[in-house]
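Step one of this worksheet: look at the structure below.
For clarity, every value in this text was computed on a predicted model and none was experimentally measured.
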Amino acid sequence: MAYAELFCQSNFSFLTGASHPQELVRQAAYLGYQALALTDECSLAGVVRAHAEIRRSQLPLKLIIGSLVRLKPDLQVLLLCPDKAAYSELCRVITNARRRSEKGSYLLHEWDLKTLHHCLFLWLPSGNKAQDNIWAAWLKQRHEGRLWIACRRQLTADEEEYLAHCRALARQHQLALCCCTGVLMHHESRLSLQHTLTAIRLGKPVSKLGHRMLANTEASLRPLNKLFRLYPGEWIQESLAIAQRCTFSLDEIRYQYPREVVPAHKTAIEHLRELVATGAAWRYPQGLPEKVENLLEKELALIEELKYEYYFLTIHDIVDFARRQQILHQGRGSAANSAVCYCLGITAVNPDKSQVLFERFISRERDEPPDIDVDFEHERREEVIQYIYAKYGRERTALAATLVTYRLRSALREVGRALGISETQLDFFIKNINRRDSGLNWQAQISELGLDPASYQGQLFIALVNELMGFPRHLSQHVGGFVIASGPLYNVVPVENAAMPDRTVIQWDKDDLEEMGLIKVDVLALGMLTAIRKSFDLIQQHHGRNLTIAGISALGDDPNVYAMIQQADTVGVFQIESRAQMSMLPRLKPRDYYDLVIEIAIVRPGPIQGDMVHPYLRRRDGREAVEYPSEEVKSVLSRTLGVPIFQEQVIQIAMVAAGFTGGEADQLRRAMGSWRKTGELRRFGEKLVNGMLVRGYSREFAEQIFKQICGFGEYGFPEAHSASFAVLAYASSWLKYYYPAVFYTALLNSWPMGFYSPAQLIQDAKRHNIQILPVCINRSNYDYCLEPREDRLAIRLGLRQIKGIARDVTEKLISSRPAEGFTSVRQLHTAGVPQESLELLASSNALACISGHRYQARWSLMDSTERLPLLQKAEPRGQAWLFRPSELDNMQEDYHSVGLSLDQHPVQWLRKANLLGRHTPANRLAEREHQKPVTVIGLVTGRQRPGTSKGVTFITLEDDTGNINVIVWLATARAQKPAFLKSAILKVTGILERGDGDVTHVIAGKLEDLTHLLPPLKNKSRDFQ
Amino acid sequence: MQALWLYLHFPSLQLDTLYTQQSLPLAVLNKEKNQIVQLNQRAMESGLSLGMGLGTAAALSRDVQILEYKQDLETGKLTEIARWLYFVTSDIAFCPPNGLLLRIHHMLSLYGGLEGYWEALKSRLEPLAVKFQYACGLTPQAARMLARAGHNLLSQDRNLLSTRVAQCSLEQAELVDKTRLKLSRVGVKNVGELLAVPATELARRFDMQLVTYLGQLSGLFHMPVDFYHPPAIFDQSLELMYEIESSPILLHPIKRLLKDLQAFLRLRDKLTDELLLLLSQRDAEIIELKVNSAQGEYQLEKWLELINLKLTNLPLQQPVYALRLVVRHFVEPQGQSNDLFSGRQGQTSVAQLLSVLQARLGPEAVSCLQLNDDFRPELSTRYAPPLRSSGPPDWPLATLRPAFLLEPPQPLREKVRLLHGPERIQTGWWDGHAIDRDYFIARNTQGQWLWIFRTRDTQWYVQGLFS
């Protein structure tokens, strides 16, 4: 008994198929099918997963690539690929149909079907006699010899009549009949999920679907004996014969790199060697150190052996463009920190200085493709993208897809709707679920939805939500992963429209690409690069000094800069500016570049959950002996004192200590990335622990390593990325130390970016004794700028800081600004600036120099008769306005309009008004004793709840003297929820805690909301990010 | 006489109306604005406040019950309150969804001053158990603003009333958000300061809406007010000269009441589809008879016929000494196109037949059969209210279905020959009536065509018979 299923849709036919491609191929193989055609609707998005599963689990099943397409109103055809030519054809037709239509839909034309000369056609007649006769003739005329009528039996009503109709068509038009199932589920137990998906697709509850849903479970993979009872033998034979004709396998797909990166008369490796030689001369004007020379030779040999020349050349081409355009960039990732990349200008990480070795990143035994992400200035990344499109052409370039899947929240919402639970109730429930402290056990809480968790309905709900989680919802675009090919991409993979106009994505995501050996180039955006570029420009302008990132690194480790870092004076600095990073800095006390690499990687949920932080700190301080269970482990862990901190180390341990092969280690790496979604990691646990036991490691050590792997999971940080980030962290620290005014100005002009709001950055600048000047209609530009004051530079607020004013408006204003400045409101009117923007300028006090206080200025501006042409000549009526702003009014207006006040801090005002009582300002906390009660008051500038901290919330309070770190335990927060959640100005009475490196926190006891003291204050805290 | 207005604001009408037992925190959410608009005490204690979004509310309290705001519900309740207050005060104007404006200076002498008037009003309001805020004002807008701000101010003192108005914040005045924002950003902080700005200056900077509102607030401009007129109700009682013990005899006095009703309806060119007849018995509860007609009627004979039907089913326990006939619902007559010459004698419309059936059997007993969109044969039809038309089904109807279904299906006890099938139906997992059956068409030895099915555990049943 043999059978080939030719019609099967996975859950990549979104909201229709109810099984993953992997489940389908596994089940088909288990049932003894000879072949399975995956025929998702106008999509090949699921085929790589099916293909990979067959390969990985060595299933005795042939995968046929195909697709179901519909031509409105009533033609449905399955297109199957017998060979490579048919596959390319199918990719092209899917691409055309998808590109014609907006994201997520497709539009097929008759013409598309006419152009298919290789695909096999399995026609599914509609049942309408007249129409079907027309189509039969049409199809036969064009595709004879590749055309069948595919008959389904799903035991539905009136099926016999339909089959009789199909037989009649076959007789009349002399067409062959074959059979298929039309699989939507790998197993009949998925029926309720399939019904739920249908309900979601149609936007109706399940109970209202009626005849729009499947009548039974027959649209599943059925056992062979049943199929043999349902279908005549000759139909089954015909299906097998069709399967036989389909010899195409995805393994035949060969990716071709773009050829134009190599000049015609050279080989790729020749060209790469030349470029590297040129680059080496540029990087090492004093001559190439022997160490680097050896390194280069070794790397180039490895690149040649593994045939990665084109990959490096392609990235070089893009980076070279950026360099010509003076767009700052920095590569990172597994191959980025190589001497080759340094010489090619892809990275500024100097291989001479760092201990990081290239071999660690590309290795023979781990057969993984090299991975280089390149970050560009975030405001200029688009130029790079346009360059890629222009150079390689849109047909050959597209973004990788990102598969958006159902998560807990979305699954709860959709299943809830499908089961008819009231929307308001669902919304409320989901909002509560989202709180991290209760997110774990949502099942127990469904009684809030009126469902008894123990009841049939409750169990149903839970089961459906669990099943739906991880199901694909739609394809979205990857943040910056470009696929570039030598010929049109649509010969290799279908391309469809992304949500963004003029962007296209391929139907495969990054895992699929990796599986297929296709290379993507990540073109990413990074705000800090913009800020550094702007710093360099300002330094050039005001100090006449030319700087580069590599140049700063080349100056060597500067003790002044590290002293600043050790004091956690790092607001605005790349990566090490978050609160968690800042509290680690005084403990870890980075002294050199590699310390920064560790610092960046260690303050991550991975190392924290894996309990690696404290052992590392103890060993670093010499309070704990550094031991290694074996020489092999020592070779991997010695640079981090025996504690695994980087993702690469974990993988390497699996190889050296547990005997994983390169391939297995690679699978482990992928499982780590997605274990929360798939739970695949557990498969490796046993193998890892056993492997280590066999090699003589203790069970304790083995389990510790596995625990660390689990902790790393999604959150582990690769050394390859940390090494690149550390360069930027150092460069930005250096700028902050030597050119603080420039650095803040550049940060403010690159905003939004980083961790802090402009108000916080300006507060920090003020604390560094930098003078900040207010917005002024005659002095300010759109951006912040520097004004020489006495012996130093002061920062002038830019008009960009005023809320609600568009950039083009300010540009219009500045271009019509007379050399001596505006002198009257009338001039502003004639400059063509919209009334609303003028009023916003008035309220920001930017008009103070021409029309008095801000109330007066705005009131005069509002007068509509001033704008009437007839009255233009009349004298302005200099009538005084009734109200003058008080000190408090001014402060509130400042917050309202620019989000900060230069004159005084709200806390300062409250203190002066005697409204605060006894408390300790931020800059006096250092004088207070450890573990003694203390009262602090400040503006709430942030509430953070790290995923690792079991319900602890970090609140940052800002007063006029600095920031105060408050820790709120879960119980405290719960008991005082309103003050905890709603305060804009908060008074905290608690215990002062001073830890390692004098890191000071206040452990909150009592929380008091003081917001009412300053009612309309508009301060926006950045909460729970 | 100086005009005086009183405004009643009902801040939580929906909550007060719906949920008397309020041991749980409750909040009413306006979904469009994502704002909490009403709260009970318990919800306030958990830190919730008005204007908050759902997210914040959820963070503050896990057990708060969220209800969706329904404006028509409030408006309905407001009408009810107005009708109820109409007994003590005459000039009532609606300010939907939650306010009533009363013109009260005419009323004061009637109740011997403001105090007395308020007492009378309060005694009507309090039993309703709805929260209210109130305030007097020299203009409707002033009273409204003060009441909504929660001043609960009862006074005729012009100075006091003006001062209070001046103290109101801009938030309390009814200004468009944009206007309010603009005013606050030139330093105007309260209504008093706003009124101090010359109107001509305002007019140069704001639209007429602001100037008009301020004029109405200060009394410079008149504000048009529509007063409420309670709908006419037919409510007539009849004391009987002698007690009646048998229902047929009751028809005579009833006929008298109906005659008056007929006159009442003719005068207003109205019909009614429901009347309420109350029979006072000597030593027993009042009997309430509700009589409906599917088609609006005014004619005495039709109603008498329907009442007669009701009465025949109603044995009197005690002698009846008084009757009362109440009609609250009126419908417009619809132009029935009856031919003048063909007449209507001997003809009963479907609607009339239905009325007769419903009067005899009770409204619940009469329904009609409709197709229902479900795979399960038991649920393929359903009962629906009569005379409601449903279009043709929008799903494909299977061709091989019997006309006659057995309810419940009967076990198959005879030998049959399977002729057609199987058709498999596995559905209904969501409502606890799941089925998993294979259907066949079969013929038994008598030649009958049966629709039978087999369950998963191979039990056979007859579901229906083909004609």
Side-chain angles (χ1 to χ4, degrees), chain A residues 154-161 188 191-192 195 206-218 419-420 422-425 427-429 431-432 434-435 438 448 456-457 460 839 843 854-856 858-859 862-866 879 881-885 889 893 896 977-979 981-982 1016, chain B residues 29 31 34 46-49 52-68 181-182 184-189 193 196-197 201 203-206 372-375 393-401 420-432 436-439:
Chain A
Q154 295 191 346
L155 306 184
T156 52
D158 299 331
E159 190 169 78
E160 289 177 26
E161 201 181 318
E188 55 183 36
L191 183 67
S192 45
H195 283 163
V206 173
S207 60
K208 295 267 159 57
L209 285 178
H211 287 71
R212 291 175 198 82
M213 64 172 144
L214 292 179
N216 56 40
T217 60
E218 297 301 304
L419 294 184
S422 121
E423 294 250 349
T424 320
Q425 245 178 339
D427 280 351
F428 184 71
F429 183 71
K431 291 231 155 86
N432 260 328
N434 198 29
R435 304 277 136 209
S438 56
E448 287 172 27
Y456 172 70
Q457 294 286 339
L460 209 57
E839 290 181 23
S843 283
R854 59 182 96 209
Y855 287 171
Q856 174 75 57
R858 188 160 181 160
W859 185 253
M862 282 164 70
D863 189 343
S864 59
T865 56
E866 292 279 316
Q879 203 182 41
W881 172 233
L882 298 171
F883 309 105
R884 288 191 71 82
D889 289 336
E893 280 290 304
H896 206 126
K977 261 190 190 172
L981 286 172
K982 291 197 290 181
Chain B
L29 177 82
K31 263 195 110 168
N34 186 28
S46 355
L48 268 63
S49 56
M52 212 173 239
L54 184 64
T56 321
L60 282 167
S61 167
R62 292 197 63 85
D63 42 333
V64 64
Q65 303 286 303
I66 302 286
L67 315 161
E68 210 173 310
L181 183 71
K182 286 196 165 194
S184 72
R185 299 205 67 183
V186 289
V188 179
K189 297 213 165 41
E193 291 183 357
V197 182
E201 289 290 312
R204 297 160 73 120
R205 291 170 174 87
F206 295 92
N372 187 36
D373 192 7
D374 201 301
F375 281 112
D394 57 353
W395 62 92
L397 289 176
T399 45
L400 295 172
R401 288 284 189 270
H420 188 276
E423 174 191 346
R424 180 164 290 184
I425 300 181
Q426 293 161 308
T427 192
W429 50 270
W430 57 90
D431 61 7
D436 183 351
R437 301 171 181 168
D438 286 341
Y439 278 87

*Would R185(B) and D889(A) pass as an ion pair if we require N to O under 4.0 Å?*
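No.
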*Is D374(B) salt-bridged to K208(A), cutoff N-O under 4.0 Å?*
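Salt bridge absent between D374(B) and K208(A).
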*Go through Q65(B) and F428(A) one step at a time and tell me if the side-chain contact (heavy atoms from CB on, under 4.5 Å) criterion holds.*
CA-CA 9 Å; Q65(B) 303 286 303; F428(A) 184 71; over 6 Å; no
I'd like to check [X] versus [Y] (side-chain heavy atoms, cut-off strictly below 4.5 Å). Are they in contact?
X	Y	answer
K31(B)	E423(A)	yes
R424(B)	T156(A)	no
Y855(A)	V188(B)	no
R858(A)	V186(B)	yes
D431(B)	S207(A)	no

*If we ignore angles and hydrogens, is there a donor and acceptor under 3.5 Å between the side chains of H195(A) and W430(B)?*
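There is no such pair between these side chains.
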*asked:* Would R212(A) and W395(B) count as a side-chain contact (heavy atoms from CB on, under 4.5 Å) here? Give the steps.
replied: CA-CA 8 Å; R212(A) 291 175 198 82; W395(B) 62 92; 5.7 Å; no
*Test side-chain contact (heavy atoms from CB on, under 4.5 Å) applied to V197(B) and W859(A), step by step*: CA-CA 12 Å; V197(B) 182; W859(A) 185 253; 4.0 Å; yes
Could you look at [X] and say if it's the side chain, the backbone, both or neither that has a heavy atom under 4.5 Å from chain B?
X	value
E161(A)	side chain
E160(A)	side chain
D427(A)	both

_Evaluate F206(B) against M862(A) for side-chain contact (heavy atoms from CB on, under 4.5 Å), listing each step before the verdict._
CA-CA 8 Å; F206(B) 295 92; M862(A) 282 164 70; 3.2 Å; yes
*Test item: D373(B) side-chain N/O and H211(A) main-chain N/O as donor-acceptor pair under 3.5 Å*: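 Checked: pair present.
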*Is it true that a side-chain atom of K982(A) and a backbone atom of G47(B) form a donor plus acceptor pair closer than 3.5 Å?*
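Indeed, once roles are kept as given, a pair shorter than 3.5 Å links the two residues.
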